[in-house]
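Here's the structure we're looking at; comments come further down.
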Amino acid sequence: MGLLLLGPPERAAVWSEICSEVGEVFYHEVAPVEEVTYLACWQPPADLSVYPNLRVVICVGAGVDQMPVMPEGIALVRTYAASVDEMVRDWVVMATLMLHRDMPSYLEQAREGLWQGGAISLSRGAKVGIMGMGRIGSLAAETLGGMGFDVLGWSRSGRGPQDVRMFDASGIDAFLAEAETLICLLPLTSQTRGLMDDAFLAKLPEGARLVQAGRGAQLPLDALRRALESGKVASAMLDVTDPEPLSANHWAWSDPRVIVTPHVAGQTDAREGVEHALAVIRADRSREKLPGLVDQTLGY
Ligand code: NAP
């Protein structure tokens, strides 16, 4: 009984080495089907019934929106890794500062060789609203709060760090009204797909900034374009888009108010990934709660 990884050979090399150190049976890409009790992958094969002894599917990333609903008796787990949390936090902090300090305008000026300063905003007291106060949202809140930003949080349950002013699902309008910079760190679920539509963006303060590091399908790009045209949104930085990749002639690449990065905010370090997988296996064998267990009715 062992662990099968579907993934690139560089990741497999690290997983293989660490599994052999701890005596865990490890396979890469192929395994005798009856040997596979744990399957780690970004997307599983269409038919999981080929593995008669499969107990847990381990998603090698944080988001599980690309995963199908698991058949009865198979648990789904997402990876917990400080590496990805910290990388995405760094990207979000960078994007927040870039928008807060008007970098889209200065980058455009730089392309034209134009030396022209504008007003400088203080981060202290500037309001930042973070949607999604899980692992990554909480870390981003801690860093931005430590820099002096006035951080507000929104989550389904209203749960979030103690020192953050939290809003629950029903508090969305009040939350958005204060979100001078809106940061999205939500999982993609049936409830968050298409969330940031025209009506939603209309609730932001005039000239808001938008930082999107959740999943592309949460933000219809046509709605963003209209919000930019009306001035409701002043600028945006997107790491995730719908579709991915954006076509080479997509308007978002050339709009000076928008900065796009190609889904590079974070990735799981291979060593931390396998350590998480081994923690899942240990927990499963001792019938404890699996770290990173996904609630498949909620989708995260
Ligand atoms: P997490 O720990 O599971 O936290 C999810 C948060 O979202 C929780 O605060 C949850 O609220 C909230 N939430 C979920 N559905 C909601 C809804 N309908 N309305 C309001 N709040 C809702 O997730 P995480 O590890 O922080 O990761 C968050 C997401 O970041 C991932 O799912 C992925 O999409 C994205 N991500 C992107 C990259 C990248 O490279 N761009 C990398 C990693 C992750 P409750 O606590 O109340 O349930």
Side-chain angles (χ1 to χ4, degrees), residues 42-43 58-67 76-96 129-144 151-162 164-176 179 182-197 200 203 210-219 236-246 259-269 272-273 276 289-300:
W42 177 246
Q43 259 185 325
I58 302 167
C59 174
V60 293
V64 292
D65 46 284
Q66 74 291 357
M67 285 280 177
L76 175 62
V77 154
R78 50 67 57 99
T79 293
Y80 282 165
S83 50
V84 72
D85 300 345
E86 290 164 14
M87 286 176 197
V88 180
R89 183 271 317 271
D90 292 351
W91 187 93
V92 161
V93 171
M94 170 185 71
T96 303
I130 303 181
M131 299 195 291
M133 269 293 168
R135 289 175 61 90
I136 305 173
S138 300
L139 195 57
E142 187 184 318
T143 305
L144 289 166
V151 180
L152 324 169
W154 183 65
S155 68
R156 193 180 47 83
S157 60
R159 265 196 311 264
Q162 270 193 344
V164 174
R165 190 149 55 95
M166 289 298 302
F167 297 76
D168 66 12
S170 66
I172 186 65
D173 289 7
F175 166 80
L176 288 176
L182 180 68
I183 298 172
C184 178
L185 283 167
L186 289 167
L188 179 61
T189 66
S190 57
Q191 293 196 350
T192 65
R193 185 175 292 278
L195 179 73
M196 289 178 268
D197 61 9
F200 183 96
K203 294 173 185 165
L210 178 60
V211 172
Q212 165 59 321
R215 284 288 182 264
Q218 294 156 343
L219 174 65
M237 192 147 166
L238 317 174
D239 184 54
V240 289
T241 59
D242 184 24
E244 287 181 12
L246 280 187
I259 297 175
V260 180
T261 57
H263 203 146
V264 290
Q267 67 180 33
T268 305
D269 169 78
E272 289 185 6
H276 176 81
K289 187 171 183 235
L290 307 182
L293 183 67
V294 171
D295 179 334
Q296 295 199 60
T297 54
L298 291 175
Y300 65 99

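In each ligand, atom 1 is the first atom listed, and ligand 1 is the first ligand listed.
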Which residue pairs pass the side chain to side chain donor-acceptor pair (under 3.5 Å) test with at least one member in residues 152-162, sequence neighbours excluded?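 As it turns out, the side chain to side chain donor-acceptor pair (under 3.5 Å) pairs with a partner in residues 152-162, which skip direct neighbours, are R156-Y300.
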Show me the short polar-atom pairs for ligand 1: any N or O of it lying under 3.5 Å from a protein N or O, with distances only.
residue  : atom   : partner : partner atom : Å
ligand 1 : 2 (O)  : R135    : N            : 2.9
ligand 1 : 9 (O)  : M133    : N            : 2.9
ligand 1 : 9 (O)  : G134    : N            : 3.2
ligand 1 : 18 (N) : Q191    : OE1          : 3.2
ligand 1 : 21 (N) : R156    : N            : 2.9
ligand 1 : 25 (O) : R78     : NH1          : 3.2
ligand 1 : 25 (O) : R78     : NH2          : 2.8
ligand 1 : 26 (O) : R135    : N            : 3.3
ligand 1 : 26 (O) : I136    : N            : 2.9
ligand 1 : 34 (O) : R215    : NH1          : 3.4
ligand 1 : 40 (O) : G266    : N            : 3.2
ligand 1 : 41 (N) : A213    : O            : 3.2
ligand 1 : 41 (N) : D239    : OD2          : 3.0
ligand 1 : 46 (O) : R159    : NH2          : 3.3
ligand 1 : 47 (O) : R156    : N            : 3.4
ligand 1 : 47 (O) : S157    : N            : 2.7
ligand 1 : 47 (O) : S157    : OG           : 2.4
ligand 1 : 48 (O) : R156    : NH2          : 3.1
ligand 1 : 48 (O) : Y300    : OH           : 2.4

Does the [X] side chain pair with the main chain of [Y], one donor and one acceptor, at a distance under 3.5 Å?
X	Y	value
T241	P243	yes
H276	R78	yes
T79	C59	yes

Distance from R193 atom CZ to Q218 atom CD, nearest 0.5 Å?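 Atom-to-atom, R193:CZ and Q218:CD are 9.0 Å apart.
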Is Q191 atom CD crowded by more than 12 heavy atoms from other residues, nucleotides or ligands, each under 6.0 Å away? no
